[in-house]
Amino acid sequence: MSPLGRWFTRLAGAAVAIAIVVIYACTANRSSAGSLVGGDAASKVYVPPGSYDEYYAFLSGGYSGQVAVYGLPSGRLLKLIPVFSQFAEDGYGYNEETKPLFQTTYGFVPWDDSHHPELSMTNGVPDGRWLFINANNTPRIARIDLTRFETDEILQIPNAAGGHASPFTTPDSKYVVSATRFSVPVPNADVPIDSYKQNFRGTLTFATADQPGKMDIAFQILMPGYDYDLGHAGKGPSNGWFFFTSYNTEQANTKLEENASQNDKDFVAAVNYKRAEECVAQGKAKAFPSEYYHNWVDSASRIAKSEKKSSVKMINPADCEGVVYYLPTPKSPHGVDVDPTGEYIVAGGKLATVIPVHSFTKLQKAIADKAFEKTIDGIPVLKYDAVMAGEVQKPGLGPLHTEFDGKGYAYTSMFISSEVVKWKLGTWEVVDRIPTYYSIGHLMIPGGDSRQPWGKYLVALNKITKDRYLPTGPELAQSAQLIDISGDKMKLLLDFPTIGEPHYAQALPASMIKDKQLKFHQLAQNMNPWVTRTESDGGITRTGRHVDIKMIAIRSHFAPDNIEGVQVGDTVVFHVTNIEQDWDILHGFAVLGNNNSELILQPGETRSLTWIPKTPGVFPFYCTDFCSALHQEMQGYVRVSPSGSAVKLMANVSKKAQAQMDKTEKAK
Ligand code: RUQ
Ligand code: CUA
């Protein structure tokens with residue numbers, strides 16, 4: 001069950017009354033569903049064949065580890081971008097070029113749980129350069145390039161467990177952050193679990209993000225051992241600040257559903273990261289031995305590289321006055337969202353009966369006045385009344401996340417009462433509500449967490465599907481719902497199924513990136529050491545038990561297409577180059593019995609598949625991507641002989657390539 005689902009359990013003991021409300025809400029939702037879709041909904045989401053959608057939406061794939069790209073308003077699935085999980089469909093994480101992206105200090109980690117896509121920003125507005133996304137289980141942050149829709153970089157986050165509050169970006173994309181969900185011993189150590197209060201700590205990580213291929217940990221902040229949940233950067237007047245929610249300020253280490261729900265208020269941690277930069281510059285951060293990997297794709301060769309790092313700069317708030325303050329916040333807050341003006345900091349107290357809103361102006365004054373309740377590990381706790389801007393009363397049950405439309409309204413997801421609630425910034429009055437089907441987690445407005453929302457649509461990202469689609473056995477696809485927010489009243493337009501669990505999403509106008517798409521890779525600039533640019537360059541080389549085969553793929557053949565002299569137990573690597581120079585002409589490659597996946601080859605690209613034949617025989621290979629009328633003719637054979645056989649290394653290649661092969665054969 002998802003962490004969200006567990007809140008049901010948490011509440012169950014005390015809340016018979018709530019249960020009744022939930023049942024009532026669900027029943028009410030279901031019976032009125034039909035009438036809630038207005039008569040013009042179909043025309044509002046209809047994108048005629050051959051026409052484009054207005055927005056790209058990037059939905060997290062949750063426990064699939066990937067990102068799904070949809071068009072809005074149609075809800076059409078455009079692409080699945082593999083990020084943290086191997087993807088057999090195109091060989092990502094199976095071919096030799098991309099495997100290093102999964103390198104971590106825990107070894108090769110080919111899966112993760114991705115939660116929050118975040119677009120890069122310039123001046124607080126999404127700029128369409130990159131999309132970042134976090135890995136929750138083995139904390140990492142990935143960068144996706146939006147001219148190719150490909151993962152280019154993955155940075156591991158050390159001294160952390162559960163990289164949940166991540167990878168929210170600063171308005172200039174200088175940093176992406178990661179806060180540890182689980183506190184753990186820092187550095188990790190073999191200690192009794194019930195020594196939690198003495199030994200467990202949290203960390204807040206700021207990683208540099210504005211230079212592709214060069215992501216790194218700028219600094220970490222060592223925090224009390226709470227659970228850190230979500231974060232958002234300040235903007236405008238609050239630029240230079242970052243806000244993170246924390247819960248379990250009780251520091252429970254068992255039965256958290258009860259033991260971490262004792263305090264009436266937990267905290268939002270307000271981090272002055274400009275102050276952190278000063279402390280680093282003044283040598284107040286300690287070099288803290290920490291191993292982690294940075295993996296990135298070299299753009300010339302398109303081959304991923306891995307580098308192991310050994311130290312981070314660790315800031316202890318007690319040594320850097322003014323770097324962190326705690327804002328008391330009711331109760332077990334989950335989301336924290338900053339409105340487009342940068343003045344209001346909205347928390348989603350998932351067990352709270354109100355939506356608490358903090359004021360940045362008051363926060364600054366409270367600091368100047370030293371309106372502190374107490375200090376925890378060098379972190380002043382500000383007085384709630386001194387920082388509070390207002391509370392939205394009776395919003396519904398289980399507020400989680402808030403986004404904004406740029407017209408003075410906020411929209412909050414209510415998990416337990418299964419609805420989106422629209423309220424007005426400044427007066428805090430609820431002005432509209434709409435049911436969701438069912439149990440909404442995040443919601444998303446294109447640019448809705450930025451300085452400039454495109455406030456036309458809202459997407460509800462729901463946790464429970466039940467009766468919304470044709471049933472497909474015990475497991476149903478989770479659902480997203482498109483809601484029109486252009487008028488006073490929210491209107492439900494469309495349901496569409498999602499990949500994995502759509503935690504969070506981001507979207508931007510298609511016009512910002514559609515004309516920047518790469519159509520193919522320039523073959524002349526392909527710097528893969530095993531590139532084959534023309535048919536006559538193909539061939540085979542043997543180095544002991546290692547055999548490299550250089551091949552080309554072009555409509556509609558491979559060259560070479562007959563290979564002999566391979567032996568049982570050899571490590572055979574097929575380096576296949578698609579020499580097409582044309583948009584959307586891809587080829588594939590697979591050989592009978594290969595123990596990994598196929599290769600998919602973009603035009604102009606080289607990919608390598610490793611194969612260790614186990615028995616003698618003849619093994620066909622073929623193109624897996626229907627590329628031409630003669631796609632079914634696009635095939636070949638590898639002859640495998642017993643180990644030590646006298647069959648000569650041979651391929652039907654050019655004379656030049658054969659002469660080269662004969663030379664290496666003789667040399668051995
Ligand atoms: S959250 S359980 Cu983004 Cu609401 Cu992850
Ligand atoms: Cu190449 Cu099918």
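Note that ligands are numbered from 1 as they come in the structure, with each ligand's atoms numbered from 1 the same way.
For H587, the N, O or S atom closest to atom 1 (Cu) of ligand 2 goes by the atom name ND1.
Within ligand 1, counting atoms from 1 as listed, the ones closer than 4.0 Å to a heavy atom of H401 are 1 (S), 4 (Cu). If you number the atoms of ligand 1 from 1 as listed, the ones under 4.0 Å from a heavy atom of H334 come out as 1 (S), 4 (Cu). Close contacts of ligand 1 with H442, meaning ligand atoms under 4.0 Å from a residue heavy atom, involve 1 (S), 3 (Cu), 4 (Cu).
The residues E580 and R555 are annotated as salt-bridged, a charged nitrogen and a carboxylate oxygen being separated by less than 4.0 angstrom.
Looking at heavy atoms from C-beta onward, V176 lies out of side-chain contact with E118 at the 4.5 angstrom threshold.
Looking only at distances, a side-chain donor or acceptor of N578 sits under 3.5 Å from a matching main-chain atom of I585.
Below 30°, between 30° and 60°, or above 60°: for F574 and F589 the angle between ring planes is between 30° and 60°, a tilted geometry.
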| query | Would W611 and F619 count as a ring-ring contact (aromatic ring centres under 6.0 Å, His included) if you check the C-alpha gap in whole Å, the side-chain angles of each, and the deciding distance to 0.1 Å? | reply | CA-CA 11 Å; W611 178 55; F619 296 78; 5.3 Å; yes
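Note on H115: counted as a metal contact of atom 5 (Cu) of ligand 1, an N/O/S atom lying under 2.8 Å. Distances from atom 1 (Cu) of ligand 2 show that M634 has an N/O/S atom below 2.8 Å. Inclusion of H503 in the first shell of atom 4 (Cu) of ligand 1 is not supported: no N, O or S atom falls under 2.8 Å. Metal site remark for atom 1 (Cu) of ligand 2: C623 contributes an N, O or S atom at a distance under 2.8 Å. Note on H116: not counted as a metal contact of atom 5 (Cu) of ligand 1, no N/O/S atom lying under 2.8 Å.
By the 6.0 Å contact criterion, OH on Y622 is open, its count of non-hydrogen atoms from other residues, nucleotides or ligands being 12 or less.
For an aromatic pair to be called close, the ring centres must be under 6.0 Å apart, and H164 with H116 satisfies this.
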